[in-house]
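What follows is a single structure, written as structure tokens, with notes after it.
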Amino acid sequence: MDWASAGDEAARILSGYLRIPTVNPPGNETLGARYLAGVLAGEGIESEVLEYAPGRGSLVARLPGSGELPPICLLSHIDVVPAEPEKWSRDPFSGEIDGDGYVWGRGALDMKGIGVLETMAMIWIKRLGIPLKRDVILLAVADEEVDNGGIRYLVEEHWDRIGCSHLVNEGGMGIRDAFFPGQTVFGISVAERGALWVRMTAHGEPGHGSLPVPDRAPERLIRAIQKVAQRKAEPEVLPAMYEVLYRVGQTRKGLERAVLTHPRAVRSVLVPRLMKDPLNRTLISDTVQLTGLTGAKSPNVVPSEVSAIYDCRLLPGHTPEAMLAELRALVDHDPDITFEVISELGSNVSSYDDPVFAALAAHLVLGRDDAVAGPVLSPGFTDSILVRPKGVNAYGIAPFSLTKAELRTMHGNDERVSVENLREGLRILFSTVVDVSAVPGVPLGPDKADR
Ligand SMILES: [Zn+2]
């Protein structure tokens with residue numbers, strides 16, 4: 001394989017994909033699905049576009065295998081979050097490939113870039129005529145960013161045709177200098193925190209704003225918010241966290257190695273530090289974030305009800321019901337404070353003792369002594385959280401090495417992906433899928449899948 005030219009081809013296809021405006025809302029993902037369908041059709045790969053609502057299409061394409069193993073799915077989402085063009089240095093929908101080797105545009109990282117690599121991995125398997133022991137299915141779905149409507153529709157209405165045992169999606173990524181300078185850590189997401197979105201409402205006697213009376217709904221709500229803010233988060237380190245720290249620790253020496261490779265030292269030395277940092281805390285605890293306040297009517301009217309909205313995120317094993325009970329206890333079971341669940345989603349985990357996980361981890365770091373791959377928890381959820389209950393082992397990884405500055409462009413300004421990352425990422429994805437899906441012993445061609 002000539003990964004350089006294969007990566008350049010992927011960059012050109014991505015450039016066209018980024019020019020298609022699939023900003024959600026409204027999404028218009030059918031346009032993106034048709035674009036990918038056209039690329040596949042050019043290679044003789046059939047696909048279908050399934051809409052759960054007008055314009056909200058998801059693409060399903062399949063390379064058939066012998067059926068010796070259940071299918072593997074390569075999943076991406078077609079929709080992107082909005083961009084503020086005036087804050088970008090380039091047009092967010094230009095798909096421009098600049099002189100420094102970057103492809104620009106909203107979705108370059110999250111996650112049209114990955115969607116194109118998954119499409120190209122399918123295409124290369126087809127071009128090389130690789131015999132498969134399982135179906136390889138490409139899913140590019142609508143509406144991940146707002147309501148997960150595309151994957152919900154496929155899981156609820158079309159799962160009989162998909163029925164995969166494994167799925168590769170977004171979730172984790174390779175972060176340069178993640179723990180130590182000069183080292184890239186590829187965190188493959190094996191679990192995602194669940195969510196409880198809840199409205200906390202304070203009730204009280206309504207009245208005139210000119211006649212202050214204590215204990216009306218707004219004051220009651222403020223007191224309840226203060227009580228919730230006193231919540232003390234309990235750290236809990238998942239096995240996946242110990243595992244990735246262990247793998248990083250094995251590349252270090254001395255004290256660093258001693259701490260990272262021993263769970264007891266992780267708990268006593270590292271966890272207190274992680275809990276002090278708002279971002280790291282999300283990896284080892286449930287979080288409760290106030291996201292809004294509602295209820296004002298008019299400046300001179302004391303309303304009978306005012307509400308606070310909370311976004312609670314839950315570690316695996318922690319249920320939305322338990323979090324709701326914790327919130328009620330925090331406000332001392334005040335009968336004038338009520339809770340209403342807006343939405344709930346339980347957390348779930350995939351085993352990392354798995355051949356697909358092992359193949360991904362191996363190819364991510366192949367030939368590199370400056371990189372480590374291991375399992376991680378995603379602080380927020382992706383479409384994977386909706387497929388794991390179907391018995392699917394879902395792994396999340398953007399197969400890119402990103403600087404912390406590049407990471408901030410996801411959902412931010414100046415989102416772009418380097419052509420180098422596309423070349424490497426294609427090699428990683430293609431090699432992984434071939435490893436776990438190809439009939440063994442059949443030669444691929446003169447230089448096989450080595451880089
Ligand atoms: Zn995404």
Side-chain angles (χ1 to χ4, degrees), residues 14 17-18 20-29 31-33 35-36 52 56-59 73-83 92-93 95 103-119 138-155 167-175 186-195 279 282 311 313 345 347-348 350 360 376-388 392 394-402 406-417 421-422 425 428-429:
L14 174 60
Y17 195 22
L18 292 171
I20 299 168
T22 52
V23 176
N24 189 6
N28 285 322
E29 294 92 343
L31 298 173
Y35 175 80
L36 293 181
Y52 74 90
R56 311 304 303 267
S58 299
L59 172 113
C73 281
L74 306 177
L75 172 66
S76 68
H77 61 83
I78 301 168
D79 60 320
V80 297
V81 295
F93 298 96
V103 190
W104 286 69
R106 173 59 85 223
L109 296 171
D110 183 11
M111 71 173 285
K112 285 178 166 174
I114 307 168
V116 163
L117 296 187
E118 291 174 349
T119 305
L138 182 72
L139 302 176
V141 301
D143 193 37
E144 192 276 338
E145 297 288 0
V146 175
D147 202 29
N148 310 88
I151 194 71
R152 263 181 225 282
Y153 176 65
L154 294 185
V155 167
L167 176 140
V168 178
N169 184 26
E170 66 180 343
M173 58 204 75
I175 303 177
F186 288 97
I188 304 169
S189 172
V190 295
E192 307 185 324
R193 289 197 305 170
L279 278 180
T282 64
D311 180 350
R313 298 297 174 122
L345 202 50
S347 172
N348 47 42
S350 296
L360 258 180
V376 294
L377 162 85
S378 290
F381 61 84
T382 70
D383 282 341
S384 292
I385 206 167
L386 290 153
V387 293
R388 287 203 188 93
V392 178
Y395 302 116
I397 184 74
F400 303 140
S401 305
L402 302 174
E406 283 175 298
L407 271 179
R408 282 196 292 276
T409 69
M410 292 172 74
H411 290 215
N413 302 325
D414 286 349
E415 186 176 351
R416 60 198 186 277
V417 64
N421 263 324
L422 293 173
I428 292 160
L429 270 182

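Heavy atoms only: backbone and side chains are in, while hydrogens, waters and symmetry mates are out. For ligands, and for the atoms within them, numbers begin at 1 and follow the listed sequence.
Using a 4.5 Å cut-off on side-chain heavy atoms (C-beta onward), N24 and R56 make contact.
The Zn ion (ligand 1) sits nearest to atom OD1 when only the N, O or S atoms of D110 are considered.
Looking at H77 and N148, their side chains never bring a donor and an acceptor atom within 3.5 Å of each other. In summary, the side chains of S350 and R388 do present a donor paired with an acceptor at a separation below 3.5 Å, with no hydrogens or angles considered.
The angle that E170 OE1 and H77 NE2 make at the Zn ion (ligand 1), rounded to 10°, works out to 110°.
Here E145 does not reach the Zn ion (ligand 1): none of its N/O/S atoms is less than 2.8 Å from the metal. Put simply, E144 stays out of reach of the Zn ion (ligand 1), with no N, O or S atom under 2.8 Å from it.
Scanning both residues, N421 and S401, for their nearest heavy atoms gives OD1-N, 2.9 Å.
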